Amino acid sequence: MSNDLEFEKPIIELENKIGELEKFSKENEVDLSNEIKILKNKLDNMKDEIYENITPWQKVKIARHKERPTTLEYIEKIFTDFIEFHGDRNYGDDNAIVGGIAILEDTPVTVIGHQKGKDTKDNIKRNFGMPHPEGYRKALRLMKQAEKFNRPVIMFVDTPGAYCGLEAEQRGQGEAIATNLLKMSGLKTPILVVVIGEGGSGGALGLSIGDRICMLEHSIYSVISPEGLSSILWKDASLAEEAADIMKLTSKDLLDLKVIDKIIKEPPGGTHKDLDLVSENIKNYLNDEISKLLKLEKKELLNNRYKKVREIGIYN
Amino acid sequence: MLKALFRKKKYATVSVDNDNNYSNNIKKNENKKQDDIDNKLWTKCKKCGEILLKEDIKEDLYTCGKCNYYFRIPARERINMIFDKDTFIEYDKELKAGNPLEFPEYDKKLKKAADKSKEVEAIVTGEGDIKGIKAILCVMEANFMMGSMGSVVGEKITRAIEKAIEKKLPVIIFCASGGARMQEGILSLMQMGKTSAALNRLSDEKLPFISVLTDPTTGGVTASFAMLGDIILAEPKALIGFAGPRVIEQTIRQRLPEGFQRSEFLKEKGFIDKIVKRKYLKEKIYKILYIHTMGSERYE
Ligand SMILES: [Zn+2]
C-alpha cells in the first residue's frame, strides 16, 4: 500500500510474511505453528520497538498522513445531530473551517474545526485546511453565537497554517487571527481545544485559546513547519527531519512546556488504525472537563483562562 | 561645531559593487582605511543611495534628507521622540531570554543581538508623559533579532498592559518585528495569545490602546497585538502583513504588485486608521490621548 509510513515498512513486511506462512501451512497441511509463533513474537517486539521510539519527524508524518481522520469524521463519531452552519456574514464561506451545533451526550455544544480534504478534489475545495480570514471570522461568529446561547465550544485543530496568499493578506489574515485571540480570551462560555493533526502556527492558534487544550498523542503543534525552520536555519527545506528534532513540536514536548493540559492516547501507528477508540477517548475527556467547567461562575472561568495563557513563557 | 562642517558635504562615489573591476579594487583597497573611519560617521541611504552623515540622519528623525526614506529607529531614540524629556521610567529592564528549547546557537545569537542593539531584548517598555499626558509605551527594537517576539517580549508587553490597568493609563505600542521568535518555538507562538488576552482586559477597562505600525510589522506580531489597537496608526510605506512577501510569492508563484503590504495599501483595504509621518507622530498621539481624557472626565 502506498499510504504506509516509511518507518512501518518492516512491520508490514513481517506481517505479510506471517500471513504467507499461515496460508502455506493451511493449503499444504504442514504444521508450521512453531515457526509462526516465533515470527509473531518477533513482530510484537518489533512493534514495541518501533512504536515506542517514534521520532518527532515520524510524528510529523503521522500527523499529516492522508488517512488521518479529519474534523468532520470526529464530529460524526463523538456528537449527535450535528448541523453545519456556513459563512462569516460578511465576505463568504471558507471551506477550510467547518462549524455548527451538535449534542455531546446531553449537552448542546458548538463545534468548530479546521477541515482538511480526504482526497485531491476535496483538498482543493478545503484549500488543504489552510483558512482565509473569512474562515476565522466564521469561527468567531459561531463562537459569539455559542456564548449568547450558553453552549460550550469544542475546537478541532488541524491545519498546516493560515493561508499565505494575496487575497488572504488583502482581507486581513493578521487582523482576523488577532481578533479571534482577543475575543476567545474573553468568551463567556467554556472553550475546549483538541489538536487532532497539525497545529500549524498562527493558523492553529486562531482557534486555540481555551480553558482546556489537549493533543492527540501523535499530533504536532509548532510555531513554524519543520520545512520552514530548516529553510530559514540552513537555507535547505530538505533538512526538515533535523529541524523537527530540535523544535519541540510533539504532544509530550508541549505537555512538558505546560502549553497543553492532556495527551489523548492513540493506537500504535496512529488514529487511522482505530478511529472509534480515539473518538471514545476524546469524548470521555470532553465530557469530564465540560462538566467541571460548567460548574464555574463565568468570572472564575475567565480568570482561570487568563491565568492559563498568561503563565506561558520561560525567561530569566 | 564639527557637525556643521560636515553638513551637506557629499562623499566621493566609489563603486564597491563591481568586484571584477580591477582598477576599482585597487582604489577600494587604498581607500579601505579611510572607509573604516568614515563608516562610523557616514551611511548610505538604502533607497536613493545618497551618502548621509549619521548625525544628520539622527537630526532628521532617522529619515533620508534627500528622498525621505525611513530608517529603522533604535527603541531608545523612539522613546525620546515620543515622551517629554526626562519623564521616561523603564519597566522590567532586567528580563532576559532563557533558552527553553536548548535551541542550537540561540545563546550566541542573543549575545550578538545585544551587542548590535545595546539592548537586552527586542522591546523596551515603561511609562512617561506625552505633552503632559501620562501613558505606557512599549517600543520594539528591530535591531534585536529582527524585533522577534519570544517569551520576554510577550511578558514585558503583558506586564506593561497589566500596569496600565492598575494605573488606569492608556497604552501605546510601536511595532517593529519579523514575527514570532523561532528559537523559542511554541512558547513564542503562545505570546500572541498572552498579549491579546491582556489587551482584552485593557479593553474591558475602557482604556485606549494605540498601535503604531512601523517597518516591518509581520507574522505573529501582526496576528496579535499590532492589529488590535482601538486606533491603528502607521508610518508611511512600512511593510505590514501576516505572511512575508517572499513566502507569498513562493505560495502563489507570481510577483507581488508594487506597494502590496505597504501602509498605504493596508489603509486602502481598511485595516489602518491613519498614516502619520514620523515627525507628526508625537503630536497626533497626544491629540488622540487628549480627546480620550476629555471623554473620561465626562463620565467620572
Ligand atoms: Zn534617500
Side-chain angles (χ1 to χ4, degrees), chain A residues 130 133 161-187 199 201-206 208-209 221-224 228-229 232-233 243 246-249 253-254 257-260 302 305-316, chain B residues 95-98 100-105 150-152 154-155 158 180-182 184-201 203-204 218-228 240-244 247-248 250-252 254 256-257 260-261 265-266 269-271:
Chain A
M130 295 184 284
Y163 190 60
C164 294
L166 199 104
E167 292 190 19
E169 291 292 319
Q170 235 160 259
R171 296 200 287 274
Q173 189 74 285
E175 190 274 343
I177 292 171
T179 300
N180 277 18
L181 303 182
L182 183 139
K183 295 290 182 194
M184 290 176 83
S185 76
L187 199 81
S201 197
L205 188 69
S208 304
I209 305 295
Y221 196 172
S222 59
V223 69
I224 187 171
L229 182 64
I232 292 174
L233 283 186
I246 59 174
M247 60 197 295
K248 304 255 193 302
L249 48 60
D253 292 326
L254 268 74
L257 290 166
K258 300 191 174 77
V259 172
I260 62 165
L302 292 185
R305 190 184 303 159
Y306 183 72
K307 232 183 270 165
K308 188 175 161 56
V309 64
R310 174 73 187 82
E311 277 164 11
I312 301 176
I314 297 173
Y315 47 84
N316 294 323
Chain B
L95 277 199
K96 269 192 182 158
L101 270 52
E102 288 165 18
F103 199 95
E105 309 273 294
S151 297
V152 173
E155 180 68 20
T158 304
R181 188 173 297 169
M182 1 166 250
E184 290 185 32
I186 194 77
L187 296 175
S188 298
L189 189 74
M190 294 297 148
Q191 303 310 309
M192 296 164 62
K194 178 160 141 183
T195 50
S196 303
L199 285 172
N200 183 53
R201 293 198 145 191
S203 183
D204 283 347
T218 58
V221 166
T222 300
S224 59
F225 55 86
M227 282 294 162
L228 294 173
I240 301 158
F242 172 67
V247 176
I248 301 171
Q250 278 163 15
T251 308
I252 64 174
Q254 63 189 58
L256 292 170
F260 187 73
Q261 292 184 308
F265 173 87
L266 267 91
K269 296 296 169 195
F271 292 100

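The shown structure was predicted, so the numbers you read here are calculated from the model rather than taken from an experiment. In what follows, every chain begins at residue 1, and chains take the letters A, B, ... in the order their sequences are listed.
- A donor-acceptor contact shorter than 3.5 Å is absent between the side chain of A/T179 and the backbone of A/A176.
- Between chain A and the options B/T222, B/V221, B/N200, heavy-atom pairs under 4.5 Å are most frequent for B/N200.
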- Item | Residue pair B/F271, B/I240: steps toward the side chain to side chain contact (heavy atoms under 4.5 Å, CB included) verdict | CA-CA 10 Å; B/F271 292 100; B/I240 301 158; over 6 Å; no
**Asked** After noting the C-alpha distance and the side-chain angles of B/I186 and A/V223, does the key distance pass the side chain to side chain contact (heavy atoms under 4.5 Å, CB included) rule?
**Response** CA-CA 5 Å; B/I186 194 77; A/V223 69; 5.8 Å; no
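- The part of A/S222 that comes within reach of chain B is its backbone (N, CA, C, O), which places non-hydrogen atoms under 4.5 angstrom from that chain.
- Between the OG atom of B/S196 and the CE atom of B/M227 there is a distance of 12.5 Å, given to the nearest 0.5 Å.
- Contacts of A/Y221 with chain B are made by both backbone and side-chain atoms, with heavy-atom separations under 4.5 Å.
- Heavy-atom pairs under 4.5 Å with chain A were tallied for B/T218, B/V152, B/L101, B/L95; the largest tally goes to B/L101.
- The residue among A/Q173, A/R310, A/M247 with the most heavy atom pairs within less than 4.5 Å of chain B is A/R310.
- Only the side chain of B/F265 has a heavy atom closer than 4.5 Å to any heavy atom of chain A.
- For the set A/L205, A/L257, A/N180, the count of heavy-atom pairs under 4.5 angstrom toward chain B peaks at A/L205.
- Taking the side chain to side chain contact (heavy atoms under 4.5 Å, CB included) definition, one finds that A/V309 meets it with B/K194, B/A197, sequence neighbours left out.
- Using a 4.5 Å cut-off between heavy atoms, B/E184 contacts chain A through its side chain alone, with no backbone atom that close.
- Options A/I177, A/L302, A/L166 differ in how many heavy-atom pairs under 4.5 Å they form with chain B, and the most are formed by A/L166.
- Residue with the most contacts toward chain A among B/Q191, B/E102, B/E105: B/Q191 (heavy-atom pairs, distance under 4.5 Å).
- What you find for A/P133 and A/A168 is that their closest heavy atoms are CG-O, 3.3 Å.
- Side-chain atoms of B/S188 never come within 3.5 Å of backbone atoms of B/A180 as a donor-acceptor pair (strictly under, hydrogens ignored).
- Side chain of B/S151 to main chain of A/I314: a donor-acceptor pair is present (N/O by atom type, distance under 3.5 Å, no hydrogens or angles).
- For the atom pair B/M182 CE and A/I246 CD1, the distance stands at 9.0 Å (nearest 0.5 Å).
- Both the backbone and the side chain of B/A198 come within contact range of chain A, each with at least one heavy atom under 4.5 Å from a heavy atom of that chain.
- Residue A/L249 does not touch chain B at all, counting heavy-atom pairs closer than 4.5 Å.
- When each of A/L229, A/I209, A/I224 is checked for heavy-atom pairs under 4.5 Å with chain B, A/L229 comes out on top.
- Proximity to chain A (any heavy atom under 4.5 Å) is restricted, for B/I252, to the side chain, taken from C-beta onward.
- Contact count against chain B (heavy-atom pairs under 4.5 Å) is highest for A/S201 among A/G202, A/G165, A/S201.
- When each of A/R171, A/E169, A/Q170, A/E175 is tested with B/K269 by the rule side chain to side chain contact (heavy atoms under 4.5 Å, CB included), just one qualifies, namely A/Q170.
- Only the side chain of B/L228 comes within contact range of chain A, judged by heavy atoms closer than 4.5 Å.
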